[in-house]
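These figures come from a predicted structure and were not determined experimentally. Within every chain, numbering begins at 1; the chains are lettered A, B, ... in the order of the sequence lines, protein sequences first and strands thereafter.
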4 protein chains.
Amino acid sequence: MSQIEALATPSVTRPASKRQAILDAAKRAFVRDGIGAVGIDAIAIDAGVSRQTVYNQIGDKDQLFVAVVEDVTTRSSALLMATLATFPDRPGDLQADLTDFAVRLLGRCMCDIDGRALSLLLVRESHRFPELFETWHQYGPGKDWPALAACFDRLARNGYLDITDASLAARHFMALINADLPTDQGPCVRPSEEALRSTATLGVSTFLRAFGARP
Amino acid sequence: MSQIEALATPSVTRPASKRQAILDAAKRAFVRDGIGAVGIDAIAIDAGVSRQTVYNQIGDKDQLFVAVVEDVTTRSSALLMATLATFPDRPGDLQADLTDFAVRLLGRCMCDIDGRALSLLLVRESHRFPELFETWHQYGPGKDWPALAACFDRLARNGYLDITDASLAARHFMALINADLPTDQGPCVRPSEEALRSTATLGVSTFLRAFGARP
Amino acid sequence: MSQIEALATPSVTRPASKRQAILDAAKRAFVRDGIGAVGIDAIAIDAGVSRQTVYNQIGDKDQLFVAVVEDVTTRSSALLMATLATFPDRPGDLQADLTDFAVRLLGRCMCDIDGRALSLLLVRESHRFPELFETWHQYGPGKDWPALAACFDRLARNGYLDITDASLAARHFMALINADLPTDQGPCVRPSEEALRSTATLGVSTFLRAFGARP
Amino acid sequence: MSQIEALATPSVTRPASKRQAILDAAKRAFVRDGIGAVGIDAIAIDAGVSRQTVYNQIGDKDQLFVAVVEDVTTRSSALLMATLATFPDRPGDLQADLTDFAVRLLGRCMCDIDGRALSLLLVRESHRFPELFETWHQYGPGKDWPALAACFDRLARNGYLDITDASLAARHFMALINADLPTDQGPCVRPSEEALRSTATLGVSTFLRAFGARP
DNA sequence: AATGAATGAGTCTTCATTCAT
DNA sequence: CATGAATGAAGACTCATTCAT
């Protein structure tokens, strides 16, 4: 929030941000404990608001879950698209630039620890939220791999890669750069920058051994 | 149980198998709904026993969870080791034999849908079962990748692969053959045999592009 | 049981004594934990019989309680009457003989730890066992103070005491010799013989200071 | 609460008194039925609050029991000390003044019907509340008999009694004035004022026959 | 007679939700 | 908006009792 905005809302800056505080607290609680094991009170306290405010602003627990999923989906989707925009279409140093991109992607995908846990939650509770589940399937994480495939397609057309199936290359790229990340390593363990770069380097290296253009 | 055994034990096969029936039902329920959302009654009904029998045979919910984890760990670990024993050390057709092995591995790893979901559960509830978590970390799934690495090391020494880090090769191999499997695709979706073979073929293909020995 | 009886019942000596074993175990459990907190299983195990035998021999929990109360009432009443029969009507040494009698009485009244606890139980559950409560009130412990009063009346008539109300003397005698006994001192604490004799001596001493015949 | 206070606090006297209402209801229920046979719901209804309020204000059943014991201990101890302060150190009419004091003491000791029953409960459940049991043993009822003994000691020094062991006199005094009170006479039977005076008169009479100073 | 299991009831405890202040 | 309380509905766990073996 800018200073001007802060000045414009003298003492009641919250009304808008309270909703976000609730959503953040709820997200944390949901991914940490699961949807059924969280108490509304705990969320309210963590968000610094009263229980009633949760009900006033958002509604009951199911509505809260829906709101959290929508919030996270929107945010992480935008983040992912923004990251894809940094794909090196015409790299100077293919190995180095692709590794940098992979590090950026992982750095975001790890903020996706939340998104990932939410996905599992959503799958688990899919029978209770069929519409949300559908929406998420269509506009959710899967929808973005085609965008990544397009990136690799451009890179191949530019002569940097030797691939026939850009979609497959995208999937294997993702698999390789994620290979060393401990996906089940317990809650809230954000890997260090070095770990990210290490696994990205190794993954890109293998990727290029398989798909790098050969003279 | 063979037909002969079935005939030999007309009506009293249960006493021993009731425990197993409970564990199986509990495993299904836990991985489907999470540990907190399952009712003991539902498990008992699913297992075809009475609620009391659950308490008599195993104990309360926590003990039930521990028993399930131990049971699954033991079984899946044995299965994995048995599968690793079929690794093609001296393959006739490298691509084909490695793909067959990958299919076998995936066929077991998918029975490991249970194991995988249990892992997530265990991570989530690790603070409530610290000892179990520790044991599982030491003797659990991670301990077997070194065994796979040893397989690849043998393969490389036999001249079939061009690798310097067998452990890395093992990790990337696993990542590639799992790349197309929808890990979060909802509960209990066992991929078809064709899907398994397809993803295995693609994964092994890329793997060999990267690490196959070149003449 | 005599040897002949033992021979007559070769391997099934219990059928008769099992009932008593159950009643004893039930009594212990009831006075220790209260009627509601006891499990039939615990009683059965303590009695060394199976749960079914309890139901076969006696019936459900209420019938078990009734049987225990009747058993204890019968036994302790007989014991008390037998003890009263040893009252020193014509003592050689009034102080000493009365003290000996008090010690005997206390020794029985303390075995009556059970009886006492049962009384409290019966009072507490009186609304559930109205007939038993009535019977116990009529034939129970209260019915015996008149007998003790008669003893003191005889002693007074023989010139050893200076009392006008034998019943009052009996009550005060009981109060005094019980004064130092820790009635609430926790479960199953049987006072030592010395403690019994000490409190009896002090109580009888005060009693005789008040009611001893003066020349 | 005085009329003035009642007027001054029109409708919101509760917040503080709800806790007390719960404790009172719980005390009644515990001493009536025992700790295991009482339902939290019954206590809540009797206290005029909701079940949740019990849990919010105090906690689970064990904490409720602890709170009740502490409350009763504190109150009855204060009451007893206040009553002891009215002991007639220099009585005009020894028999009459001592009887009046005994009546006051009994009137309080009967509020001790609660305390007494609680003692038994505490003894029975002592293994589950070891610390509470210890505390109660140290600061509980026993600690006050020395105070009564000091009263009798003063009375003797002033020439009204002929005793050598003030502590013994105190214990026998208590035993005698309690002799006719039906301690096990069922629940919540508060003796009439006449019964109190009668038993006090008889007890003090015997006490003075034994220990009254003789000219 | 003893064992293991089944059934149904009951209790404790927590939670989501709403209402009054 | 926050606080505290009330309500109703769960679910875990225990128990008494009965059956079948």
Side-chain angles (χ1 to χ4, degrees), chain A residues 12 14-15 18 35-45 48-57 59-64, chain B residues 10-12 14-16 18-19 21-22 35-45 47-64, chain C residues 11-12 14-15 18 35-45 48-57 59-64, chain D residues 11-12 14-16 18-19 21-22 35-45 47-64:
Chain A
V12 227
R14 326 282 151 44
K18 279 201 176 179
I35 199 172
V38 192
I40 296 283
D41 280 26
I43 294 176
I45 291 175
V49 302
S50 114
R51 188 190 330 125
Q52 276 295 353
T53 308
V54 177
Y55 283 94
N56 289 340
Q57 297 268 2
D60 65 13
K61 214 200 227 179
D62 286 2
Q63 297 174 278
L64 184 53
Chain B
S11 59
V12 224
R14 328 282 155 46
K18 281 205 172 177
R19 189 169 203 280
I22 294 170
I35 200 173
V38 198
I40 297 282
D41 280 28
I43 294 176
I45 292 175
V49 301
S50 107
R51 188 193 326 124
Q52 272 300 350
T53 305
V54 176
Y55 282 97
N56 288 339
Q57 297 268 2
I58 296 182
D60 64 11
K61 213 199 227 181
D62 286 3
Q63 296 174 279
L64 184 53
Chain C
S11 62
V12 227
R14 326 282 152 41
K18 279 199 174 179
I35 199 172
V38 193
I40 296 282
D41 280 26
I43 294 176
I45 292 174
V49 301
S50 114
R51 189 189 331 123
Q52 275 296 353
T53 308
V54 177
Y55 282 96
N56 289 340
Q57 296 268 2
D60 65 11
K61 213 199 228 181
D62 285 3
Q63 297 174 277
L64 184 53
Chain D
S11 60
V12 222
R14 326 282 155 46
K18 281 204 172 177
R19 189 169 203 279
I22 294 170
I35 200 172
V38 197
I40 297 281
D41 280 28
I43 294 177
I45 292 174
V49 302
S50 108
R51 187 191 327 123
Q52 273 299 353
T53 306
V54 176
Y55 282 96
N56 287 339
Q57 297 268 1
I58 297 182
D60 65 10
K61 213 198 226 182
D62 286 3
Q63 296 174 279
L64 184 52

All N/O pairs under 3.5 Å across the protein-nucleotides 9-11 of chain E interface:
unit_1: E:dA9; atom_1: N6; unit_2: B:R51; atom_2: NH1; d: 2.8

**Study point:** Protein-nucleotide distance (C:D41, atom CG; F:dC15, atom C1'), rounded to Å
**Key:** 9 Å
Check your understanding: Can you tell me how far OG of D:S50 sits from NZ of D:K18, rounded to the nearest 0.5 angstrom?
Key -> 8.0 Å
Review point. Got a donor-acceptor contact below 3.5 angstrom from the D:D41 side chain to the D:A44 backbone?
Key: no
Check your understanding: Rounded to whole angstrom units, what separation is found between the CD1 atom of D:I45 and the C1' atom of F:dG8?
Key -> 13 Å
**Study point:** Shortest non-hydrogen contact between C:D60 and C:Y55, atoms and distance
**Key:** CA-CE2, 4.0 Å
Revision key, fill the gap. Between CG of A:L64 and C1' of E:dC15 the distance, given in whole Å, is 15 Å
Check your understanding: What distance separates D:R51 CZ from D:I45 CD1, expressed to the nearest 0.5 Å?
Key -> 8.5 Å
Check your understanding: Mapping C:N56 and A:G59 onto DNA chain E by nearest heavy atom, which one lands closer to the 5' end?
Key -> C:N56
Check your understanding: For F:dT21, which nucleotide in any strand shown is its Watson-Crick or wobble partner with both distances under 3.5 Å?
Key -> E:dA2
Exercise for review: Measure from the side chain of B:S50, starting at C-beta and using heavy atoms only, and say which of F:dA2, E:dA6, F:dA6 lies closest.
Suggested key: E:dA6
Review point. Does E:dT14 have a Watson-Crick or wobble partner in any strand here, with both distances under 3.5 angstrom, and which is it?
Key: F:dA9
Point to revise | Atom pair distance, as rounded to whole Å: CD1 in A:I35 and P in E:dC15 | key: 15 Å
Revision key, fill the gap. Note: for D:A37 and C:G48 on DNA chain E, the residue whose nearest nucleotide lies more 5' is C:G48
**Study point:** Whole angstrom value for the distance that separates P of F:dA9 from CG of A:D60
**Key:** 17 Å
Exercise for review: Please report the shortest heavy-atom distance between D:I43 and D:I22, naming the atom on each side.
Suggested key: CG2-O, 4.2 Å
Study note, to complete from the structure: Atom CD of A:Q63 and atom C1' of E:dT17 are separated, to the nearest Å, by 12 Å
Practice item. Starting from P on E:dC15, measure out to CG on A:D62 and report it in whole angstrom. Key: 17 Å
Point to revise | Considering all heavy atoms, the nearest C:V38-C:K61 contact | key: O-NZ, 3.0 Å
Review point. What nucleotide, of E:dC19, F:dA5, F:dA2, holds the atom closest to the side chain of A:T53?
Key: F:dA2
**Study point:** Candidates E:dA1, E:dT13, F:dT3 - which lies nearest the side chain of D:Y55
**Key:** E:dT13
Study note, to complete from the structure: Here the distance between atom C1' of F:dT17 and atom CD of B:Q52, to the nearest Å, is 12 Å
Check your understanding: Under 4.0 Å between a side-chain N or O of D:Q57 and OP1 or OP2 of F:dA5?
Key -> yes
Practice item. Would you mind pulling out the nucleotide paired to F:dA16, Watson-Crick or G-U wobble, both distances under 3.5 Å? Key: E:dT7
